**Student:** 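Let me begin by handing over the structure; questions about it come next.
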Amino acid sequence: MTKYYCNACDWTGEESELKIVPLCPVCRTGHRIRLMPKGNNVYECPNCSMVFQEGEWIPDPECPVCANQYLKVVEE
C-alpha cells in the first residue's frame with residue numbers, strides 16, 4: 001500500500017484516504033479553482049471554458065486535511 005505525506009500540514013496516510021480532484025484535460029485547472037458542474041455529469045472549466053463529461057477529466061490527488069496538491073510518496 002502506498003503512503004503519502006503532506007508537507008503543509010504533516011498529514012501522513014494511505015492512497016485510499018486521499019481526496020481526488022478533477023482537473024481540466026485541456027489546461028489542468030482544478031485544485032484551487034474548481035471545475036463547475038453543469039448537470040448530467042457535465043463540467044465546465046472556469047479558466048478555458050472547455051465543457052466535458054465526467055470521465056474525461058484528469059483525476060489528481062490532494063490532502064484530505066488541508067487540500068494541498070503537492071504530496072510526497074513515502075517509501076516504506
Side-chain angles (χ1 to χ4, degrees):
M1 183 79 43
T2 305
K3 291 209 173 242
Y4 289 85
Y5 170 72
C6 175
N7 62 355
C9 70
D10 287 331
W11 171 84
T12 302
E14 296 179 357
E15 188 172 12
S16 61
E17 300 174 63
L18 294 174
K19 181 177 178 183
I20 301 299
V21 177
L23 299 184
C24 175
V26 175
C27 69
R28 298 199 181 262
T29 294
H31 279 279
R32 300 291 178 223
I33 302 170
R34 303 288 184 190
L35 301 179
M36 301 179 297
K38 293 294 186 184
N40 291 336
N41 295 328
V42 175
Y43 291 84
E44 181 180 356
C45 177
N47 186 48
C48 71
S49 298
M50 174 73 175
V51 176
F52 48 91
Q53 297 291 324
E54 184 173 344
E56 297 172 345
W57 46 262
I58 301 167
D60 199 43
E62 71 179 23
C63 176
V65 176
C66 71
N68 179 22
Q69 67 193 35
Y70 305 107
L71 302 173
K72 293 182 83 173
V73 176
V74 179
E75 305 263 341
E76 292 186 20

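As the structure is a computational prediction, the values presented were derived from the model and not from experiment. Index from 1, following the sequence.
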**Student:** Under the 4.5 Å side-chain heavy-atom rule for ILVMFWY, direct or indirect, which residues accompany Tyr70?
**Tutor:**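 Traced through the cluster, Tyr70 reaches no other member.
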**Student:** Are Met36 and Phe52 connected in a single hydrophobic cluster, I mean Ile/Leu/Val/Met/Phe/Trp/Tyr linked by side-chain heavy atoms less than 4.5 Å apart?
**Tutor:**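 No, no single cluster joins them.
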**Student:** So which pairs with a foot in residues 50-59 pass salt bridge (charged side-chain N to carboxylate O under 4.0 Å, His left out), sequence neighbours left out?
**Tutor:**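 Found none.
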**Student:** Of all residues at least two apart in sequence or in a different chain, which pass the side chain to side chain donor-acceptor pair (under 3.5 Å) check with Asn41?
**Tutor:**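 Counting only residues at least two positions away or on another chain, Asn41 forms no side chain to side chain donor-acceptor pair (under 3.5 Å).
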**Student:** Are Val26 and Val51 co-members of a hydrophobic cluster defined by side-chain heavy atoms under 4.5 Å apart?
**Tutor:**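 No, separate clusters.
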**Student:** Evaluate side-chain contact (heavy atoms from CB on, under 4.5 Å) for Asn40 paired with Gln53, printing each intermediate quantity in order.
**Tutor:** CA-CA 8 Å; Asn40 291 336; Gln53 297 291 324; over 6 Å; no
**Student:** To the nearest 0.5 Å, what is the distance between CG (Leu18) and OG1 (Thr2)?
**Tutor:**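 Going from CG on Leu18 over to OG1 on Thr2, the span is 9.5 Å.
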**Student:** For residues Gln69 and Glu62, report the shortest heavy-atom separation together with the two atoms involved.
**Tutor:**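 The answer is CA-CB, 4.1 Å.
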**Student:** With sequence neighbours left out, what residues match Arg28 under salt bridge (charged side-chain N to carboxylate O under 4.0 Å, His left out)?
**Tutor:**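 None.
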**Student:** Restricting to side chain to side chain donor-acceptor pair (under 3.5 Å), what partner residues turn up for Glu44, sequence neighbours left out?
**Tutor:**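 If we apply the side chain to side chain donor-acceptor pair (under 3.5 Å) test to Glu44, skipping adjacent residues, the hits are Lys38.
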**Student:** In chain order, what residues pass the side chain to side chain contact (heavy atoms under 4.5 Å, CB included) check against Pro59, with sequence neighbours excluded?
**Tutor:**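 With sequence neighbours excluded, Pro59 shows a side chain to side chain contact (heavy atoms under 4.5 Å, CB included) to Ile20, Trp57, given in chain and number order.
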**Student:** Measuring from atom CE of Met50 to atom OG1 of Thr29, what distance do you get when rounded to the nearest 0.5 angstrom?
**Tutor:**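 Rounded to the nearest 0.5 Å, the CE-OG1 separation comes out at 12.5 Å.
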**Student:** Of all heavy-atom pairs between Cys27 and Cys24, which one has the smallest distance, and what is that distance?
**Tutor:**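 Answer, listing the atom of Cys27 first, then Cys24: N-SG, 3.6 Å.
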**Student:** With a 4.5 Å heavy-atom cut-off, do Leu35 and Pro46 have their side chains touching?
**Tutor:**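 They are in side-chain contact.
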**Student:** Hey, what else clusters with Val21 if you join Ile, Leu, Val, Met, Phe, Trp, Tyr whenever side-chain heavy atoms sit under 4.5 Å?
**Tutor:**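 Via sub-4.5 Å side-chain contacts, Val21 links to none.
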**Student:** Return a table of donor-acceptor pairs under 3.5 angstrom between the side chains of residues 6-17 and protein atoms on other chains or two or more places apart.
**Tutor:**
residue, atom, partner, partner atom, Å
Asn7, OD1, Asn68, ND2, 3.3
Asp10, OD1, Tyr5, OH, 2.5
Glu17, OE2, Glu14, N, 3.0

